[in-house]
Amino acid sequence: MSDSFGYARVATAVPEVRAGAVRDNLASMLSLARDAARQGCDVVVYPELAITGYTCADLLAQRLLLDAARTALVDFAEATAGLASAFAVGLPLAVDGRLFNVAALVQGGRVRGVVPKTYLPSSHEFYESRWFVSATGVTRDQIDLPGGPVPFGTDLLFRPEAPSDLCLGIEICEDLWAPVPPSSLLALAGATLLINLSASNDLAGKADYRLELVRQQSARCLAGYAYCSAGVGESTTDTVFGGDCILAENGAILARSESFRRQAHLTIADLDMAFVQHERQTCTSFAQAGRGSPGIAPRSYREVRLDTPRAATRHDLRRAVSPRPFIPADPAARHRRCQEIVAIQSTGLATRLHHVGATRVHLGLSGGLDSTLALLVCLEAFARLGLPKDGIQAVTMPGFGTTHRTRNNAELLCAHLGLSLDTIPIAASCRQQFADIGHDGTTADVTYENVQARQRTQILMNRANLLGGLVIGTGDLSELALGWCTYNGDHMSMYGVNAGVPKTLVRYLIDYYAEDKADPATAAVTTTAASRRGPRQSSGPMSSTTSSSTTPYAAASPPGKSSSSPRRPSRIPTRRRPSGAGSGLSSGASSRSSSSAPACRTARKSAPSPSRPAVTGACPATRVPPPGWPTSMPRRRPDRRPARLGVRFWHPFRVPWFADSRFRGSSSHATPGCDLAPLQGGQASADAIFDQPWTAARRD
């Protein structure tokens with residue numbers, strides 16, 4: 001079995017089937033098997049009873065048909081002996097005078113195991129109990145086939161001989177629709193890829209229900225799920241089959257076939273088995289269920305080892321990778337998402353203010369993206385509490401790199417919102433600090449870059465002590481996650497309203513506020529803030545004197561490169577904490593300004609030259625706040641993403657950004673250095689990295 005970076009390539013194969021035409025069906029199945037092997041598939045799943053056809057009805061009582069199906073199974077195994085894939089094949093199989101609807105797993109020229117169907121539908125258009133016996137009627141744990149005895153039963157797990165995260169569990173059609181599907185128990189026993197051979201007919205509305213059933217089962221089991229249904233070649237006496245094939249992973253649909261295709265076809269996707277194992281290790285409820293569930297007696301499972309030679313190394317990735325997974329493409333869905341996020345942010349802040357009895361907040365306002373959003377969230381929170389908005393104390397603190405346009409944006413925003421804006425220049429106090437520590441005040445080094453950010457935070461904290469209230473952090477999740485903030489500077493606050501919001505979403509949240517909540521004049525100002533870009537270099541990504549000590553902000557793709565066709569990154573950065581973290585060797589913003597999406601903060605913290613690029617920095621791994629106070633720096637937990645104040649994202653491709661040490665050559669885990677959409681002017685940013693699918697989660 002192939003195990004490229006923890007991925008398993010899985011295919012569903014719908015052959016051209018005619019009821020009772022065993023040899024013709026076998027020929028179509030073998031053609032698909034060879035095609036799947038050429039494409040490097042590890043597992044191939046066929047429909048239920050594909051060898052004979054599902055709709056044979058009373059022909060299933062004919063000995064001639066049953067013998068032909070058994071012979072075809074042996075022939076299929078011999079014909080695929082030289083292929084590296086494992087094949088799940090459906091057929092009727094007579095054992096001890098009972099007829100079972102089974103799935104046979106074939107690999108390396110042998111039948112490795114046979115799994116009978118547990119739940120037999122016998123209502124409406126289905127009559128399976130007329131011909132078949134349930135798996136509960138099994139009286140032996142192995143059967144004799146040409147080549148020797150073969151494990152038989154529903155207690156089989158198929159695992160590669162070599163260490164791998166891939167473990168197969170098989171169920172058949174109606175099993176999935178039962179209140180407690182066999183796949184649930186198989187998952188608890190260790191199966192990471194659940195296979196379903198199905199013959200589900202099509203009725204109006206059934207396809208959507210079936211899709212949600214597969215999605216939810218993959219999510220509930222924290223597993224990959226491969227569902228393959230019978231195609232249009234089946235009899236249409238009283239049923240129609242569309243060949244619905246679905247590949248899911250932890251609640252995310254990775255691929256789905258086109259329905260009602262008359263030609264034989266494959267549906268292929270790469271499923272991340274390593275991620276599945278990671279999710280299970282960090283999900284305490286999954287581990288608890290594995291020790292036994294109420295009313296369900298624990299059972300033992302047999303492992304069948306798969307020892308086929310490994311497939312050839314694959315250099316492509318068969319799964320879509322969205323460059324903006326946190327931003328719905330549909331405008332209506334995006335509007336609802338933004339509405340929800342602003343409500344979460346403002347409600348969280350309002351609750352904190354209510355609990356601590358605070359009626360005043362302080363925040364540094366630069367006129368950029370992050371601080372603009374933080375100010376709007378404060379307005380919403382005060383409105384929810386019925387507090388006068390003069391309790392919102394905005395401060396602009398111009399330094400060496402502050403531009404007139406930056407200050408003008410902040411002033412206009414406050415004027416239209418009816419808020420006061422205090423101006424406290426920091427240049428003199430920073431020069432005093434340079435003199436105190438022996439810095440010449442002109443060398444644009446790490447110290448020069450960070451003194452301004454720390455001075456701004458000190459002013460805000462001291463004002464909060466003097467006037468009362470909380471310091472509102474404006475840094476977004478992208479900055480905090482990647483360390484693009486100054487230790488003991490702008491990474492600190494008493495409540496960080498943007499700490500759970502990726503950079504790419506910030507602009508859309510501001511646009512939502514401008515469209516839905518602000519008057520036309522205020523909307524124009526907020527839109528201007530959202531579209532502002534700070535000074536930057538004429539070309540190339542932003543850099544600074546400390547950029548070499550931190551994780552790169554982004555690696556841009558060639559223009560026109562599709563994010564759904566990942567390529568190997570030119571370099572793969574380490575995921576270690578930057579060497580300067582915690583030692584003061586972090587660079588940071590001289591204010592909380594942010595440039596337009598998708599660019600990050602720019603020259604607001606730079607040297608006197610207005611074209612100086614932005615800088616990088618490091619956040620500490622953990623910061624313990626003073627007793628009784630919240631913190632804007634997320635405290636990391638070993639089991640999932642950091643705890644964050646504000647919005648928490650459960651994404652279909654969720655993985656903790658700090659927990660995955662498996663940097664990939666291909667970009668399903670879309671780590672820094674993987675395919676990123678090109679940014680305007682060649683400028684790369686934190687949001688382009690962070691707003692990538694860190695591979696899979698089960699909720700959005």
Side-chain angles (χ1 to χ4, degrees), residues 1-13 29-30 32-34 36-46 73-91 93 102-116 141-143 145-172 182-183 186-187 189-197 221 223-226 228 247 249 268-274 276-277 300-314:
M1 302 296 293
S2 174
D3 190 20
S4 301
F5 299 104
Y7 291 104
R9 179 159 294 179
V10 183
T12 58
M29 293 172 65
L30 288 175
L32 289 175
R34 298 185 186 100
R38 282 193 297 269
Q39 299 187 56
C41 294
D42 298 310
V43 181
V44 182
V45 185
Y46 291 95
L73 175 63
V74 175
D75 292 346
F76 182 91
E78 293 176 352
T80 57
L83 306 181
S85 308
F87 303 92
V89 179
L91 73 155
L93 191 64
V102 306
L105 192 74
V106 178
Q107 188 186 43
R110 292 189 292 137
V111 178
R112 299 307 182 97
V114 176
V115 178
D141 60 5
Q142 65 180 22
I143 57 176
L145 290 175
V150 175
F152 180 61
T154 58
D155 59 342
L156 302 182
L157 296 172
F158 302 89
R159 191 186 299 273
E161 190 70 40
S164 173
D165 292 313
L166 178 64
C167 180
L168 306 180
I170 300 177
E171 65 182 1
I172 302 175
S183 57
L186 290 166
T192 55
L193 175 59
L194 305 173
I195 295 172
N196 189 302
L197 293 75
C221 293
Y225 202 100
C228 183
L247 294 169
E249 176 193 288
I268 302 175
D270 289 332
L271 277 65
D272 193 346
M273 298 295 98
V276 166
Q277 290 286 27
S300 59
Y301 286 81
R302 293 175 287 165
E303 282 197 355
V304 179
R305 290 294 178 173
L306 306 177
D307 54 6
T308 302
R310 295 169 62 89
T313 302
R314 300 184 292 258

Full working for side-chain contact (heavy atoms from CB on, under 4.5 Å) between Ile170 and Leu156: CA-CA 8 Å; Ile170 300 177; Leu156 302 182; over 6 Å; no

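- Checked options Leu166, Val115, Val43; the residue passing with Phe158 is Val115 (criterion: side-chain contact (heavy atoms from CB on, under 4.5 Å)).
- Residues that satisfy the side chain to side chain contact (heavy atoms under 4.5 Å, CB included) test with Ala104, not counting sequence neighbours, are Leu73, Leu91, Val111, Val114.
- Checking side-chain atoms of Thr192 against main-chain N and O of Cys167 turns up a donor-acceptor pair under 3.5 Å.
- How far CG of Leu168 is from CD of Gln107: 8.5 Å, rounded to the nearest 0.5 Å.
- A donor-acceptor pair under 3.5 Å links the side-chain atoms of Glu249 to the main chain of Asp272, judged by distance alone.
- For Glu303, the salt bridge (Lys or Arg N to Asp or Glu O under 4.0 Å) partners are Arg159, Arg305, not counting sequence neighbours.
- The closest donor-acceptor contact from the side chain of Arg110 to the backbone of Gly148 lies at 3.5 Å or more, if one exists at all.
- Looking at residues two or more places apart in sequence or on another chain, you find a salt bridge (Lys or Arg N to Asp or Glu O under 4.0 Å) between Arg302 and Asp155.
- Residues satisfying the side chain to side chain contact (heavy atoms under 4.5 Å, CB included) test with Pro149, not counting sequence neighbours, are Gln142, Asp144.
- Here the closest heavy-atom approach between residue Pro116 and residue Val102 is recorded as CA-CG1, 4.0 Å.
- A distance of 10.0 Å separates CG in Leu197 from CD in Glu171, rounded to the nearest 0.5 Å.
- Shortest non-hydrogen contact noted between Leu30 and Ala79 is CD2-CB, 3.6 Å.
- When the salt bridge (Lys or Arg N to Asp or Glu O under 4.0 Å) test is applied to Asp75, the partners found at least two apart in sequence or on another chain are Arg23.
- Considering only residues two or more places apart in sequence or on other chains, Thr80 meets the side-chain hydrogen bond (donor to acceptor under 3.5 Å, both in side chains) condition with none of them.
- With a 4.5 Å cut-off on side-chain heavy atoms, Val276 and Asp165 do not count as touching.
- Applying the ring-ring contact (aromatic ring centres under 6.0 Å, His included) criterion to Tyr46, with sequence neighbours excluded, gives Phe76.
- Checked against side chain to side chain contact (heavy atoms under 4.5 Å, CB included), Ala189 has the following partners two or more places apart in sequence or in another chain: Leu157, Tyr301.
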Residues Asn196, Ser183; criterion side-chain contact (heavy atoms from CB on, under 4.5 Å); working and verdict: CA-CA 9 Å; Asn196 189 302; Ser183 57; over 6 Å; no

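- Closest non-hydrogen pair, Ile268 versus Cys41, comes out as CD1-SG, 3.8 Å.
- Expressed to the nearest 0.5 Å, how far CG of Leu186 lies from CG of Leu193 amounts to 11.0 Å.
- By the side-chain hydrogen bond (donor to acceptor under 3.5 Å, both in side chains) test, Glu78 pairs with no residue at all, sequence neighbours left out.
- Contact of the Val304 side chain with the Pro151 side chain is registered, since non-hydrogen atoms from C-beta on lie closer than 4.5 Å.
- Taking CG of Leu105 as the start and CZ of Phe87 as the end, the distance is 10.0 Å to the nearest 0.5 Å.
- A distance of 11.0 Å separates CG of Leu306 from CG of Asp42, quoted to the nearest 0.5 Å.
- Closest heavy-atom contact between Cys228 and Ala13: SG-O, 3.6 Å.
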